[in-house]
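Let me begin by presenting the structure, written as structure tokens, before commenting on it.
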Protein chains: 2
Amino acid sequence: MRKTGRPTMIDVAADAGVSLKTVSRVVNGESGVDPAMIERVRASVARLGYHRNSLAASLRSGNRDTIGFIAADLSNTFYMAVAAAVSQVATRERMHVVMASSEEDADLERTLALDMCQRQVGGLIVVPTAADHSYLAREVELGTPVVFLDRPGSGIPADAILLDNRGGARDAVAELLAAGHRRIAVLLDAPSIYTMAERREGVRDAFAAAGRALDPALVVEGLHTPADARDAMERLLDSADPPTAVFGTNNRLTIGALETILPRGADVAIAGFDDFELSRLLPRRIRLVDYDVADLGARATETLLARGADPATGSHTQLVPTRLVDRGGVR
Amino acid sequence: MRKTGRPTMIDVAADAGVSLKTVSRVVNGESGVDPAMIERVRASVARLGYHRNSLAASLRSGNRDTIGFIAADLSNTFYMAVAAAVSQVATRERMHVVMASSEEDADLERTLALDMCQRQVGGLIVVPTAADHSYLAREVELGTPVVFLDRPGSGIPADAILLDNRGGARDAVAELLAAGHRRIAVLLDAPSIYTMAERREGVRDAFAAAGRALDPALVVEGLHTPADARDAMERLLDSADPPTAVFGTNNRLTIGALETILPRGADVAIAGFDDFELSRLLPRRIRLVDYDVADLGARATETLLARGADPATGSHTQLVPTRLVDRGGVR
DNA sequence: TTGAAAGCGCTAACAG
DNA sequence: CTGTTAGCGCTTTCAA
């Protein structure tokens, strides 16, 4: 007797009076089955309300039809948008996606990644938080491809899909410099975060190209939240020699800066990395480094699936381009 | 010989010179194993790089450790935020989450839901698009609980977690009425969408309570995108007898209305259902119906898990409260 | 074209 | 405390 009430292929076979294998053939749409048999099996499937147990099928066949996605922080709209794109491509390719957020915690990332490998995912898309990913070396070696997204990983051969962080930051700051600004404040999160380091380099590039020097007093690091950025901006504006422009190196920091600048009506030009909802409706003109988030997620997924099909070739890093957009200025 | 290169419990057992069952005990942390044996098995596990195949474990034990989440539209920030909350609670409870978006397509919803059932999910959280969910009746009956989120489902016994759509809309419009507005425009998506119908009723409630009648000419339905709302707002403002206030029944429609109102500097009071990023930074005062999105997702997940533990009791609908917030008015 | 047997990797049930 | 046996539901292999 069955434990669970769910009918199995054996039940269908018995009901239809055919062998187990014939049911399997019909259920999987294999060719070379007598039409009359197909009909009989179909009828039994419908009568019993049979659904194939794809876990059992995967176990036996070794086919993996799930991909894992580990975001650094799913509460960030950026990663949520990436997740949506991953899910969309996966659905199109008839794959499932299991998702989780590492909350920027290296230990949790490791736990989640290994958990997903135990669940036999066919591949892993990871926004890396851990410094070293050799804990995944064994899995990669055994045929579970890994693609890093937004930040490069280390310790294993894996493809990476990154933004052109440096180029985007450079372009934004170059435009501020071209507009005549010299005292440009730069708001940064922790410099240990890859994207922050890259964007800071981009700022340096722009200053170097303009033959100017960045005032270190205007570079504020370690800002995690919009509130942090808001407070930092207050201090900058209240200082003896305030900036005439500010560059927020991510959306949260740019928004925090706006929370100070707009209510005060401060005369500061604003630029930032990442576009955000409603940027068009801001009362001030703002220059933003924009890019196609969905493209980032889609490319990662496509790269992963291609890698699953062909594990041989060496790993590559793809750079998703950025472009400067002009937003705001309403009223 | 093994097909895949992955070591199995049998390999570990052979390496450690113990039985399969002993390995199983150690790997699963069961009590009552000799410390010396535990050590031996641990050593072999480490040496071989063994990881338990949890698919096989699930197949045998019947334990389900994955929950499915089907959003109506993952590109909508609202559902993305819900998804993040679902994922967070699931991770806390040591569950995996598989996610997908039905793209508001009833057939796709059905396909995705049944696919997930075939993958043996322990439960399903669905933002329903289909009119009838009796296609899931069999699964519910066989012990896969379903929780509907944001919209009620029909055709199966299932819990539902909904917003107080009607009360929220009523409160917002009541405040516009109290402020003296009589000609209040209402922007709606398709009235076939549950939340739209509810919110429209809430608007009616507010007018009825004030002893006023809503002008049907100011109620615009079938608006899907911000651009639709923007255009509708243009027409309303250009009409012979324009509104003095507008209520957007979701974030996209409110934003679309703003895209017309702000650049024109139109003298129209604004209220809307759903808060959105940056609402605080708007140059105009705006009243919004806010609620705790994370709570919505968390409750759904907790309800699902509780239901998995106790399938007996009757199904319930929970209403997540809303509150009116005052935003904008910067500069 | 159809079927019988074996076994994917693991846990349950029962001995010892 | 440890081991043996069976079998979860399916696909693979090979024979008819």
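Atom CZ in A:Arg64 sits roughly 19 Å away from atom P in D:dC10 (whole-Å rounding). In this structure, CE of A:Met9 is placed 16 Å from P of C:dA4, rounded to the nearest angstrom. If you take CD1 of B:Ile10 and P of D:dG3, they are 14 Å apart, rounded to a whole angstrom. Taking atom CG of residue B:Leu59 and atom C1' of nucleotide D:dT11, one finds them 12 Å apart after rounding to whole Å. Distance B:Arg119 CZ to D:dC8 P: 20 Å, rounded to the nearest Å. The CZ atom of A:Arg25 sits 16 Å away from the P atom of D:dC10 (whole-angstrom rounding). The separation between A:Asn63 atom CG and D:dC10 atom C1' is 12 Å, rounded to whole Å. The NZ-P distance, from A:Lys21 to D:dC14, rounds to 13 Å in whole Å.
Minimum atom distance to the side chain of B:Asp34 is reached by D:dC1, of the listed D:dC1, C:dT2, D:dG3.
Among all heavy-atom pairs drawn from A:Arg40 and A:Gly17, the shortest one is NH1-O, 4.0 Å.
OP1 or OP2 of C:dT2 has not a single side-chain nitrogen or oxygen of A:Thr22 nearer than 4.0 Å. At the phosphate of C:dG3, OP1 or OP2 sits under 4.0 Å from a side-chain N or O atom of A:Ser19. For C:dC10, the OP1/OP2 oxygens have no side-chain nitrogen or oxygen of B:Ser24 closer than 4.0 Å. In this structure, A:Asn28 reaches the D:dT11 phosphate: one of its side-chain N or O atoms is under 4.0 Å from OP1 or OP2.
Here CG of A:Asn53 is found 9.5 Å from CE of A:Met9. Values are rounded to the nearest 0.5 Å.
Remark: the A:Arg6 side chain and the D:dG9 base include no donor-acceptor N/O pair separated by less than 3.5 Å. Side-chain N/O atoms of B:Arg60 and base N/O atoms of D:dG9 include no donor-acceptor pair closer than 3.5 Å.
With a 4.5 Å cut-off on side-chain heavy atoms, A:Val126 and A:Leu149 do not count as touching.
Mapping B:Glu30 and A:Met37 onto DNA chain C by nearest heavy atom places A:Met37 at the nucleotide closer to the 5' end. Mapping B:Ala56 and B:Val18 onto DNA chain D by nearest heavy atom places B:Val18 at the nucleotide closer to the 5' end.
By the neighbour-count criterion of 12 heavy atoms within 6.0 Å, atom CZ of A:Arg110 is sparsely surrounded, having that number or fewer from other residues, nucleotides or ligands.
B:Leu20 comes within 4.0 angstrom of a base, heavy atoms only.
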For a salt bridge (Lys or Arg N to Asp or Glu O under 4.0 Å) check, start with the C-alpha distance between A:Arg307 and A:Asp159, then their side-chain angles and the critical distance, and finish with the verdict. CA-CA 9 Å; A:Arg307 181 62 66 180; A:Asp159 297 304; 2.8 Å; yes
